[in-house]
Amino acid sequence: MVVLNRIYTRTGDDGTTALGTGERRKKYDLRIACYGTVDETNAAIGVARLHTSHDPEIDAILGRIQNDLFDLGADLCSPASDKGKGRDGARLTVTEAQVTRLEAEIDRLNADLMPLRSFVLPGGTPAAAHLHVARTVCRRAERMMAELADQPAEEVSAVALKYANRLSDFLFVASRYVNQRGPVGGQGDVLWVPGQNR
């Protein structure tokens, strides 16, 4: 499906890049920015995983998500009109099954967490802090995807939007989970105290 035997091609030297269809677009095009921001999300999760190796369950989930994010990027770089390069020539997309799996993982991790009585400040363990960064980058990708979906002659699948929304929810719950189960005995949530520093 993908063969990368040469990294530089010089085709982007003019400030354009290719969609999955082969169509050339400016590198600042909103569709390109969407899947570029999905890539940023993936990189942020990769950094978070440097701090989750002590927890094989959460680390495996994050690894699956990183793979899913390539599916999401492929979905975004090939508009629905494209026949695609997936299995049997089908267009590669994010599926409802991937969304459902994320929802099940959110529910499983959230089941052991205390109910929140305040907003959570990003922080705590290094893993949680990095998961919060990934969450905020994911939210940015989601906002950009929603904007792209509203553009004339552009399309973003409903499932792709749903996956991005659910992923940011997962990353929030995962940050709370790793704070509770941290390698140093669990430090719990870092909570916002309204007006504390007035």
Side-chain angles (χ1 to χ4, degrees), residues 30 33-76 92-150 155-182 186-192 194:
L30 185 55
C34 283
Y35 63 81
T37 308
V38 167
D39 191 33
E40 281 184 67
T41 303
N42 206 338
I45 291 171
V47 174
R49 289 186 70 198
L50 295 173
H51 304 282
T52 60
S53 60
H54 67 279
D55 189 331
E57 178 187 19
I58 197 80
D59 196 58
I61 294 170
L62 292 172
R64 283 194 300 274
I65 288 168
Q66 286 192 286
N67 198 79
D68 285 354
L69 286 172
F70 266 83
D71 292 352
L72 179 58
D75 194 330
L76 289 166
L92 183 57
T93 62
V94 175
T95 66
E96 282 288 348
Q98 289 166 297
V99 174
T100 301
R101 189 192 73 236
L102 265 182
E103 290 173 346
E105 289 167 341
I106 291 168
D107 292 343
R108 188 162 29 87
L109 296 182
N110 200 48
D112 294 331
L113 299 175
M114 296 295 293
L116 280 174
R117 306 229 184 287
S118 181
F119 289 108
V120 173
L121 299 178
T125 64
H130 285 293
L131 288 167
H132 277 293
V133 171
R135 173 186 59 79
T136 61
V137 176
C138 184
R139 283 285 189 216
R140 178 164 29 100
E142 180 189 3
R143 290 190 302 272
M144 295 169 82
M145 289 166 62
E147 181 182 359
L148 179 65
D150 283 348
E155 48 195 306
V156 175
S157 76
V159 178
L161 280 165
K162 196 184 300 186
Y163 185 89
N165 187 22
R166 221 58 92 246
L167 177 57
S168 59
D169 294 338
F170 171 83
L171 293 167
F172 176 76
V173 170
S175 70
R176 294 192 66 216
Y177 177 85
V178 298
N179 262 347
Q180 182 173 296
R181 292 180 37 133
Q187 97 180 50
D189 294 313
V190 181
L191 298 176
W192 172 50

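In what follows, every heavy atom counts, from backbone to side chain, and hydrogens, waters and symmetry copies are set aside. The first residue of the sequence shown is numbered 1, and numbering continues consecutively from there.
- In terms of heavy-atom proximity, Ile58 sits nearest to Ala174 at CD1-CB, 4.0 Å.
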Task: Audit row: Ile106, Arg101, side-chain contact (heavy atoms from CB on, under 4.5 Å) steps and yes/no - done: CA-CA 9 Å; Ile106 291 168; Arg101 189 192 73 236; over 6 Å; no

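- Between Ile65 and Leu102, some side-chain heavy-atom pair lies under the 4.5 Å cut-off.
- Residue pairs satisfying the salt bridge (charged side-chain N to carboxylate O under 4.0 Å, His left out) criterion with at least one member in residues 109-136, sequence neighbours excluded, are absent.
- Side-chain atoms of Ile45 and Leu171, non-hydrogen and from C-beta on, do get closer than 4.5 Å to each other.
- When all heavy atoms are compared, the tightest approach of Leu113 to Tyr177 is CD2-CA, 3.9 Å.
- Proximity of Ile61 to Phe170: side-chain heavy atoms (C-beta onward) are separated by under 4.5 Å at one or more points.
- In this structure, Met145 and Ala160 approach most closely via the heavy-atom pair CE-O, 3.4 Å.
- Under the 4.5 Å side-chain criterion, counting only non-hydrogen atoms from C-beta, Val159 is not in contact with Thr93.
- Contact between Leu92 and Ala74 at its shortest, heavy atoms only, is CD2-CB, 3.6 Å.
- Among residues at least two apart or in separate chains, ring pair (Phe, Tyr, Trp, His ring centres under 6.0 Å) pairs with a member in residues 104-131 are His51-His130, Phe119-Trp192.
- Using a 4.0 Å cut-off between a side-chain N of Lys or Arg and a carboxylate O of Asp or Glu, Asp59 and Arg64 do not qualify as a salt bridge.
- Leu131 has its side chain within reach of Leu62: a pair of non-hydrogen atoms, C-beta onward, lies under 4.5 Å apart.
- Looking at Thr52, its side chain never comes within 3.5 Å of a backbone N or O of Asp55 through a donor-acceptor pair.
- Taking every heavy atom of both residues into account, Gly73 and Val38 meet most closely at N-CG1, 4.3 Å.
- Each of Glu105, Gln98, Glu103 was evaluated against Arg166; a single residue qualifies, Glu103, per the side-chain hydrogen bond (donor to acceptor under 3.5 Å, both in side chains) test.
- The shortest heavy-atom contact between Glu142 and Leu161 is O-CD2, 4.1 Å.
- With values rounded to the nearest 0.5 angstrom, Leu76 atom CG is found 6.0 Å from Cys34 atom SG.
- Note: Arg181 CZ to Glu57 CD = 6.5 Å, rounded to the nearest 0.5 Å.
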TODO: With side-chain contact (heavy atoms from CB on, under 4.5 Å) as the test, would you mind laying out the steps for Leu116 and Leu191 before giving the verdict?
DONE: CA-CA 9 Å; Leu116 280 174; Leu191 298 176; 4.0 Å; yes

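- The backbone N or O of Leu109 sits nowhere less than 3.5 Å from a side-chain atom of Arg176 that would complete a donor-acceptor pair.
- At least one donor-acceptor pair under 3.5 Å links the side chain of Asn179 to the backbone N or O of Thr125.
- In this structure, the side chain of Asp75 engages the main chain of Val94 through a donor-acceptor pair within 3.5 Å.
- With sequence neighbours left out, the side chain to side chain contact (heavy atoms under 4.5 Å, CB included) criterion links Ser53 to no other residue.
- Of the inter-residue distances, the one linking Arg143 atom CZ with Cys138 atom SG reads 10.0 Å to the nearest 0.5 angstrom.
- Under the 4.5 Å side-chain criterion, counting only non-hydrogen atoms from C-beta, Leu167 is in contact with Thr41.
- With rounding to the nearest 0.5 angstrom, the NZ atom of Lys162 is 10.5 Å from the OG1 atom of Thr95.
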